[in-house]
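Scroll down for the structure; my scribbles are underneath it.
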Amino acid sequence: MSERMLRVDWMPGSDRLHGRCHCRAEAESDDPVALWDWLQAHPDHPAAGPARPPATPLPRPPAHLVREAPRAVAR
């Protein structure tokens with residue numbers, strides 16, 4: 001096994017990934033690109049793991065519309 005191996009594992013039961021750098025630093029993220037970028041930034045990766053983007057509030061869902069069912073046409 002290589003001493004300079006980078007590893008990413010899926011954490012069962014979640015959408016999270018666990019990454020390990022060859023320097024033994026570890027981090028978790030739900031963004032695979034951010035986690036790989038963090039791993040490949042060795043030795044300059046921050047100890048806290050990849051930066052998480054600021055949470056943006058979800059837009060309010062549209063009002064639910066109840067429409068009358070189409071009527072069958074008599075022939």
Side-chain angles (χ1 to χ4, degrees):
M1 187 156 62
S2 173
E3 293 178 13
R4 300 192 60 89
M5 184 182 295
L6 304 175
R7 185 175 184 110
V8 174
D9 297 313
W10 168 64
M11 299 174 68
S14 73
D15 291 336
R16 309 270 307 156
L17 299 170
H18 180 258
R20 270 175 290 201
C21 182
H22 56 82
C23 71
R24 296 186 178 157
E26 296 185 21
E28 290 181 16
S29 179
D30 52 358
D31 181 359
V33 174
L35 189 57
W36 275 115
D37 287 345
W38 176 82
L39 284 166
Q40 293 176 336
H42 179 85
D44 299 323
H45 51 69
R52 298 188 85 183
T56 54
L58 294 175
R60 193 175 175 137
H64 181 72
L65 298 176
V66 177
R67 297 190 177 162
E68 197 173 308
R71 297 178 186 200
V73 178
R75 292 188 182 196

Closest non-hydrogen atoms of Gln40 and Leu6, given as atom of the first, atom of the second and distance, are CG-CD1, 4.1 Å

What one should report as the nearest heavy-atom pair of Gly13 and Trp10 is N-CZ2, 3.8 Å

What's the spacing between Arg7 CZ and His22 NE2 if we round to 0.5 Å?
-> 15.0 Å

State, to 0.1 Å, how close Leu35 and Ser29 come at their nearest heavy-atom pair, and which atoms those are.
-> CB-CB, 4.2 Å

Calculate, to the nearest 0.5 Å, the distance between atoms CD and CG belonging to Glu28 and Leu17 respectively.
-> 9.5 Å

Which pair of non-hydrogen atoms, one from Gly19 and one from Trp38, has the smallest distance, and what is that distance?
-> O-CZ3, 4.4 Å

